[in-house]
Amino acid sequence: VDAILSALEACAPSRSQARLEAELKAFLGVDHLFFVSSGKAALALTLQTLHTLRRVRRVLIPAYTCFSVPAAVIRAGLEPVLVDVDPATFDFEQSSLTRALDHRDVLCVIPTHLFGCRSDVSRVRALARPNVFLVEDAAQAFGLTDGSGKRLGSIGDAGVFSFGRGKHLTCGHAGMFVTSSPAIARAFANSCSPLPPAGFAPSLRAWAELVLMSVFIDPRLYWFPSALPFLGLGETVYDPDFRMTRLPSTATGALRRWLRRLERTHRERALTSDAWTRELGLASPGGRQGVPLLRFPLLTSSAEERTALLDLARRQGLGVSAMYPSAVHRIPELRDRFRGQRYPGAELLAARLVTLPTHRYVRELDRQAFRHARARIAGVPSRSAPQPVEASC
Ligand SMILES: Cc1ncc(COP(=O)(O)O)c(C=O)c1O
């Protein structure tokens, strides 16, 4: 019934889109909001926009993040500058950040709330020159708040969000840009004006994918969509040549009753995140309980332990993932650009991080199976001396 109602609503996209925009602006506490086809499109357009306001090219991004982020910087024709990541917080490493900000030609910094762990935006503001823009990457943190109750994504000069697969709120493929700066909003509207409409076929495809994924998200059925190569599940690709269009008309319908869905998913993910913290005997992330992490990050003691753990968890269908296949400077297409540079924190995450699911299908039995797998693997011989580190975002 929900799918039929959503499809009907998608037939009147402009009215429902205006209503959705108003609701989201009020929720996030921002003055301006634009939808586009994906989070990476929102990011690339944001960077293009900021470049029209200040003609410098350096964009500071985490050395460990989603490959869409460097792809968006390259797509915008700008220069990605990597800042190392602190493996205990997933936020920028202080000395690397200070060094990168020392350059005069920094256009903007992209603090990233990875997995829903907050990046300290005010620290970047305090360290950066006043003319440097701050663009929060809140793709993995929709609806989450900072210590003072402000929504992540609304704290910097602008914020970008993704409504893609596996996010807190999804409609298949879509992205969003927000700002409270009238000048940035005007410039962003100009950058968006040449965007083509999404087109019927991609909208239909996004809709079909969404239906498929909502039916098969249960881990016991997930083998089916993951065997369909055109869905590309679990793949992380670097591709600056992505499509940038307006929002597919089906997306507005698929975001119907978004607040109710979001509250529910936040409740479920917070419970599962807290259960992982408790049962794995870790300190709660950032000393805070009740945070609805998108994935629960866990550092293994060694690369060997991680490989063994992933292998065992995969055979049991536990939805454990290594996340990104490498640090950004090791992406084959970017390797030459960063030759000779070192980012130890990002390298460590790329070698030893696993992330655990927090969605509602994670049952106590799954968590128990993971704990057993972890205990079994703990005896795996390791070349590097194992030094367990607890992730505390
Ligand atoms: C941190 C981060 N930034 C940007 C993006 C890009 O969003 P999209 O997949 O909607 O293009 C993603 C997507 O997973 C992400 O995780």
Side-chain angles (χ1 to χ4, degrees), residues 43 47 50 54 56-67 69-70 72-73 78-138 140-141 146-147 152 155-157 282-283 285-288 297-303 323-324 326-331 334-353 384-393:
L43 191 53
L47 297 174
L50 298 179
R54 209 173 143 240
V56 291
R57 296 185 59 247
R58 293 168 77 87
V59 179
L60 273 46
I61 64 171
Y64 182 83
T65 188
C66 176
F67 288 7
V69 177
V73 182
L78 299 175
E79 185 187 342
V81 174
L82 303 186
V83 177
D84 202 12
V85 175
D86 180 342
T89 61
F90 308 102
D91 203 354
F92 293 126
E93 192 278 322
Q94 178 79 12
S95 60
S96 184
L97 178 64
T98 313
R99 239 185 347 266
L101 280 170
D102 198 28
H103 205 285
R104 296 195 69 80
D105 289 346
V106 176
L107 174 67
C108 90
V109 186
I110 306 188
T112 303
H113 308 294
L114 205 63
F115 314 127
C117 300
R118 346 186 257 233
S119 171
D120 187 351
V121 183
S122 48
R123 172 179 64 142
V124 185
R125 184 76 288 162
L127 289 171
R129 294 166 208 260
N131 57 0
V132 171
F133 295 109
L134 303 195
V135 177
E136 290 174 76
D137 181 344
Q140 299 188 9
D146 74 353
L152 302 183
I155 304 162
D157 298 298
L282 304 175
R288 294 175 310 140
L298 175 72
L299 275 182
T300 57
S301 309
S302 64
M323 224 54 208
Y324 309 123
S326 77
V328 174
H329 63 297
R330 303 265 182 214
I331 297 174
L334 297 176
R335 224 177 257 162
D336 282 345
R337 195 179 270 273
F338 300 112
R339 196 168 290 287
Q341 299 181 23
R342 294 213 55 238
Y343 303 94
E347 294 274 12
L348 188 143
L349 289 177
R352 291 181 16 198
L353 183 71
S384 53
Q387 255 323 311
V389 182
E390 289 175 359
S392 60
C393 58

Do [X] and [Y] have side chains that approach each other closer than 4.5 Å (heavy atoms only, starting at C-beta)?
{"X": "Val83", "Y": "Pro62", "answer": "no"}
{"X": "Val59", "Y": "Pro80", "answer": "no"}
{"X": "Leu299", "Y": "Leu349", "answer": "yes"}
{"X": "Leu60", "Y": "Cys108", "answer": "no"}
{"X": "Leu152", "Y": "Arg118", "answer": "yes"}
{"X": "Arg58", "Y": "Leu107", "answer": "no"}
{"X": "Phe92", "Y": "Val124", "answer": "yes"}
{"X": "Asn131", "Y": "Arg54", "answer": "yes"}

Say whether, by atom type as modelled, one donor and one acceptor occur between the side chain of [X] and the main chain of [Y] under 3.5 angstrom.
{"X": "Ser326", "Y": "Tyr324", "result": "no"}
{"X": "Arg352", "Y": "Thr300", "result": "yes"}
{"X": "His113", "Y": "Ser119", "result": "yes"}
{"X": "Glu136", "Y": "Gly156", "result": "yes"}

Any pair counted as salt bridge (charged side-chain N to carboxylate O under 4.0 Å, His left out), so long as it reaches residues 81-93, sequence neighbours left out
Asp91-Arg123
Once ring pair (Phe, Tyr, Trp, His ring centres under 6.0 Å) is applied, do any residues pair with His329, and if so which ones, sequence neighbours excluded?
Tyr343
Report the relative orientation of the aromatic rings in Phe90 and Phe115; use parallel for angles under 30°, tilted for 30 to 60°, perpendicular for over 60°.
perpendicular
Which atom of Ala327 lies closest to which atom of Ala350, heavy atoms considered
N-CB, 3.6 Å
Looking only at non-hydrogen atoms, find the nearest pair between Val106 and Val109 and report the distance.
CG1-CG2, 4.4 Å
Listed by chain and number, what are the side chain to side chain contact (heavy atoms under 4.5 Å, CB included) partners of Arg104, not counting sequence neighbours?
Arg129
I'd like to know if [X] and [Y] make a salt bridge, using a cut-off of under 4.0 Å between side-chain N and carboxylate O.
{"X": "Arg125", "Y": "Asp157", "answer": "yes"}
{"X": "Arg339", "Y": "Asp336", "answer": "yes"}
{"X": "Arg342", "Y": "Glu347", "answer": "no"}

Given side-chain contact (heavy atoms from CB on, under 4.5 Å), test Thr98 with Gln94 step by step and report yes or no.
CA-CA 6 Å; Thr98 313; Gln94 178 79 12; 4.1 Å; yes
Among Asp120, Val135, Val121, side chain to side chain contact (heavy atoms under 4.5 Å, CB included) partner for Pro111:
Val121
Separation between CD1 (Ile110) and CZ (Phe133), nearest 0.5 Å, reads 12.5 Å
What is the distance from atom CD of Gln140 to atom SG of Cys117, rounded to the nearest 0.5 Å?
9.0 Å
Chi angles and distances behind the side-chain contact (heavy atoms from CB on, under 4.5 Å) call for Thr112, Val69:
CA-CA 10 Å; Thr112 303; Val69 177; 5.7 Å; no
Going through the distances and angles, do Leu114 and Tyr64 end up as a side-chain contact (heavy atoms from CB on, under 4.5 Å)?
CA-CA 10 Å; Leu114 205 63; Tyr64 182 83; 4.0 Å; yes
Leu348/Leu353 under side-chain contact (heavy atoms from CB on, under 4.5 Å): CA gap, chis, key distance, verdict
CA-CA 8 Å; Leu348 188 143; Leu353 183 71; over 6 Å; no
